[in-house]
Structure formats: C-alpha cells, structure tokens
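In this text the structure is predicted, and so the values were computed from the model without any measurement.
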Amino acid sequence: MNLRERQELFEKEHLSPCAAKSAESAGRARKEPKCDIRTEFQRDRDRITHSKSFRRLMHKTQVFISPEGDHYRTRLSHTLEVAQIARTISRALRLNEDLTEAIALGHDLGHTPFGHTGEDALNELLPGGFRHNVQSVRVVELLENSGEGLNLTREVVNGILNHKTIGKPSTLEGAVVQISDKIGYINHDIDDAVRAGILTNEELPRDCTALLGSTSSARINNLIRSVIAYSIDKPEIGMNEEFKDALFSIREFMYKTVYQSQLQQIERSKIKQMLGEIHRYYTDDPSRLPCDYKKLLERENNVSRIAGDYIAGMTDRFALKLYVKIYLPSGWGL
C-alpha cells in the first residue's frame, strides 16, 4: 500500500460520512495516472499554489485601491486567511481538509486588479458580463499553462465556481469555503478600514458587536464556533440565525460606510476609465496582445473576452504601469 492509498484509507475510516473522499472523486476533465504519494485533492492544492495566477494575487487589491502601507490586505492574504478559517471548520466537522484548502486557495484566482472595482469595470465592458468566480474557473480550466489549464478535479472546480452567496456547492467542503469567505473578508475589511481612518470600532453596529465581539479576532472566533455548533453531524453548513443576521448587518454597514464611500467612488471612476482604455487598446488591434492570448484568440474568436482575460490577470501595479506606457509620453511629469 503506497502513501496515497494509506491516506485514502484514513479518510474512509476517520472522516465524517458526509465528507468528500478523495478516492471517490468524480475525476478530472482529462484522465491522468494517480500519484503514489498525494491524493487527488492534495495534487489540486499543489497545482494551485504553484500557478502563476496564485502568485499574482500578492499584488492585487482586496478593498483599498493602491493603499499606502504594508499591512493592508491583498487578494493573496485574504485567500490565505479564508483557507485558515475554512480548514479550522473542516477539521472540527471531520470534513476533507485537503479539498477545503484547494477550493479556498483557488476561489479568487480570477479576480481582477483593483478588487471589485476592476470586476465592475470588466462586467460593463465584456459582452455577457464578468463574474470573478466564473473567471476563476476559466483560469484553472483554460488560461493557466498556456491554454492547457490545471486540470483540477470536478469537486474543486465546483467549489470555486460556487463560492459566492448565490452558489450551491456540491460538497460540504465547498460550502465551508463559501461561508468562510464571508467571515474572513467582512472582519478583515473592518481592520483595514479602521487602519485607514475611514471608521472606528465604536462606529460598528453595537447590537452586532455585543453578540459577535468587539475585536476582529473575537468576531471570527465566535462565528467559527457558531458554524461548527450548527453544522456538526449534519449534511449542511450554516450558522445560528442570530449570528447570521448580525454578520449580514455588519456586511450591509460596510457597504454603506466603506465600500461605497465617497473616496472609494472617486477612485472607482478613475480605475474604470483606465481599464476601459486598456481594453480598447487591445480590441482595436489584437496583434498587440501577448503571444499566449493571441493563441487563445485563434481558439475563441472573441477579442473582447480575450482582452478581458488579459486585463483580469493583471496586478494593480502592472495595469498602472501599462497604462502609463501606452498613453503617456516618456518623460511625462506633473
């Protein structure tokens, strides 16, 4: 019995009956020989962490556009924090931690530069719109490896696609990532907003903080406990209604106070204009696209979508430098 088979046996004997078992995976779009060391979900996790799109998350905005400071969240730090929360919940519920981690690490691979502002910009530019969860699937199925994709298991792809609120993951592990994403970004965005001076902890809804806690760590801890208490030994993932209402009340407060603040709106208009002009630059002359994207254009005759793929993969700083290179004369100064 090799190491993979031992791990598969461990999952069968020790994980919850509701957990996804790697030996029972629905498989990949392209069949591959199995590894003698790693399970299928462990291989997916490794493929994601070694991908170029994962590395680029380090320089993509989470909420604040071009923040001045080293301690604001990026899309990568958000991803790692979600993975940590999700693994804690999965371990307590005896679910498959490897599947949970793979989904969490891959859930935002398709996110644009400049956070949801970039997503909104591409949604307006591209025929059929743009959603980062769908783009994340496009990344792992097509855009990585020069058009070959990562060939992940169907369970991981499904979890990535369905991590947004409206999604319905096919596994409990996917549902854990879905709820962990909200626990993570709402509380971590509060931290960043306080650091930026946009709000204070005292301004948070008092009924919510009285229930969930007055600090980020306390709120995350209490929400995790609520998910575990509600979901243990059940074929579903959820949390106490009182805690759920409090979480979504804080989320609504953050939308009004931070995400849609006047400062953010001013920056959003600048970013939308910039990405629109970059998109037009490539759609006007597709020969300007990098080689990999020209090859994709031969497979999909949709220059707007392919230009959108290229823009979605950019980091914040690359997009800014590219815009300057395209539209500003060298030696430009204020």
Side-chain angles (χ1 to χ4, degrees), residues 51-68 72-76 78-79 108-147 149 259-260 263-334:
S51 68
K52 291 184 291 185
S53 51
F54 183 79
R55 294 196 294 274
R56 289 197 299 268
L57 296 178
M58 180 179 179
H59 297 292
K60 290 193 178 191
T61 289
Q62 171 64 12
V63 172
F64 296 99
I65 298 169
S66 300
E68 299 272 341
Y72 290 95
R73 264 82 179 184
T74 65
R75 191 60 57 180
L76 178 60
H78 160 74
T79 294
D108 270 353
L109 289 180
H111 228 303
T112 61
F114 309 109
H116 289 286
T117 300
E119 181 172 15
D120 291 343
L122 288 183
N123 189 49
E124 295 172 8
L125 287 167
L126 304 186
F130 180 96
R131 291 180 294 158
H132 78 268
N133 59 316
V134 176
Q135 186 68 14
S136 294
V137 171
R138 188 168 167 83
V139 167
V140 300
E141 290 190 332
L142 175 67
L143 300 179
E144 274 288 337
N145 288 338
S146 301
Y259 305 145
Q260 298 175 348
L263 177 61
Q264 286 288 87
Q265 293 304 316
I266 292 172
E267 296 303 309
R268 280 168 62 87
S269 64
K270 295 178 185 177
I271 296 304
K272 284 188 173 185
Q273 180 179 351
M274 181 183 72
L275 295 184
E277 292 183 12
I278 292 175
H279 184 262
R280 186 171 62 250
Y281 175 79
Y282 289 108
T283 54
D284 284 349
D285 186 355
S287 67
R288 296 165 172 165
L289 286 165
C291 290
D292 283 351
Y293 292 89
K294 290 178 186 175
K295 292 177 182 177
L296 287 173
L297 192 56
E298 295 174 2
R299 295 167 60 175
E300 295 185 17
N301 187 22
N302 187 337
V303 64
S304 180
R305 173 59 60 179
I306 301 302
D309 288 333
Y310 183 40
I311 293 170
M314 294 178 184
T315 63
D316 295 26
R317 62 185 185 181
F318 181 87
L320 287 167
K321 289 179 180 179
L322 179 63
Y323 181 80
V324 169
K325 179 180 178 181
I326 293 172
Y327 290 109
L328 299 184
S330 59
W332 182 271
L334 297 177

Practice problem: Taking atom NZ of Lys294 as the centre, report whether more than 12 heavy atoms of other residues, nucleotides or ligands fall under 6.0 Å from it. | Solution: yes
Quiz item: Less than 4.5 Å apart, any side-chain heavy atom of Val303 and any of Leu297?
Solution: yes
Quiz prompt | salt bridge (Lys or Arg N to Asp or Glu O under 4.0 Å) evaluation trace for Glu267 with Lys270 | solution = CA-CA 5 Å; Glu267 296 303 309; Lys270 295 178 185 177; 3.3 Å; yes
Self-check item: Spatial distance of atom OG1 (Thr283) from atom CD1 (Ile306) [nearest 0.5 Å]
Solution: 12.5 Å
Quiz item: Mind checking what makes ring pair (Phe, Tyr, Trp, His ring centres under 6.0 Å) contact with Tyr310, not counting sequence neighbours?
Solution: Tyr282, Tyr293
Quiz item: Does any pair with a residue in residues 126-138 pass salt bridge (charged side-chain N to carboxylate O under 4.0 Å, His left out), and if so which ones, sequence neighbours excluded?
Solution: Arg138-Glu300, Arg138-Asp309
Quiz prompt | Distance in Å, Arg56 CZ paired with Leu109 CG, rounded so as to fall on 0.5 Å steps | solution = 9.0 Å
Quiz prompt | From CA spacing to verdict: side chain to side chain contact (heavy atoms under 4.5 Å, CB included), Leu320, Phe114 | solution = CA-CA 10 Å; Leu320 287 167; Phe114 309 109; 3.9 Å; yes
Self-check item: Test ring pair (Phe, Tyr, Trp, His ring centres under 6.0 Å) applied to Phe318 - qualifying residues, sequence neighbours left out
Solution: none
Exercise. Could you grab the distance from atom CZ of Arg288 to atom CD1 of Ile326, nearest 0.5 Å is fine?
Key: 8.0 Å
Quiz prompt | Spatial distance of atom CG (Leu275) from atom CD (Gln273) [nearest 0.5 Å] | solution = 10.5 Å
Self-check item: Approximate separation, where rounding is to 0.5 Å, of Leu76 CG and His111 NE2
Solution: 13.5 Å
Self-check item: Asp316 side chain reached by Lys60 side chain, heavy atoms, under 4.5 Å
Solution: yes
Exercise. Kindly give the heavy-atom pair with the smallest separation between Arg305 and Gly129, and that separation in Å.
Key: NH2-O, 2.8 Å
Quiz item: Can you tell if the side chain of His279 reaches within under 4.5 Å of the side chain of Leu126, non-hydrogen atoms only?
Solution: yes
Show which side-chain atoms of residues 118-125 pair as donor or acceptor with protein atoms under 3.5 Å away, not counting sequence neighbours.
residue	atom	partner	partner atom	Å
Glu119	OE1	His116	ND1	3.0
Glu119	OE1	His132	ND1	3.2
Glu119	OE2	His132	N	2.8
Glu119	OE2	His132	ND1	3.1
Asp120	OD2	Arg268	NH1	3.3
Asp120	OD2	Arg268	NH2	2.8
Asn123	OD1	Phe130	N	2.9
Glu124	OE2	Lys272	NZ	2.9

Practice problem: I would like to know whether Ile271 and Met274 meet side chain to side chain contact (heavy atoms under 4.5 Å, CB included); could you show each step before the answer? | Solution: CA-CA 5 Å; Ile271 296 304; Met274 181 183 72; 4.2 Å; yes
Quiz item: Is there a side-chain contact between Leu143 and Leu296 (heavy atoms, below 4.5 Å)?
Solution: yes
Quiz item: Got a second to check how far Leu328's CG is from Lys321's NZ, nearest 0.5 Å?
Solution: 14.5 Å
Quiz prompt | Partner residues of Asp284 under the salt bridge (Lys or Arg N to Asp or Glu O under 4.0 Å) criterion, sequence neighbours left out | solution = none
Quiz item: Tyr323: what forms a ring pair (Phe, Tyr, Trp, His ring centres under 6.0 Å) with it, not counting sequence neighbours?
Solution: Tyr327
Quiz item: Which pair of heavy atoms, one from Ile278 and one from Ala319, lies closest together, and at what distance?
Solution: CD1-O, 3.7 Å
Quiz item: Crowded around Arg317 CZ? As in, over 12 foreign heavy atoms under 6.0 Å?
Solution: no
Quiz item: Is any side-chain heavy atom of Glu144 closer than 4.5 Å to a side-chain heavy atom of Ser53?
Solution: yes
Quiz item: Which atom names give the shortest non-hydrogen contact between Gly110 and Ala312, and what distance separates them?
Solution: O-CB, 4.3 Å
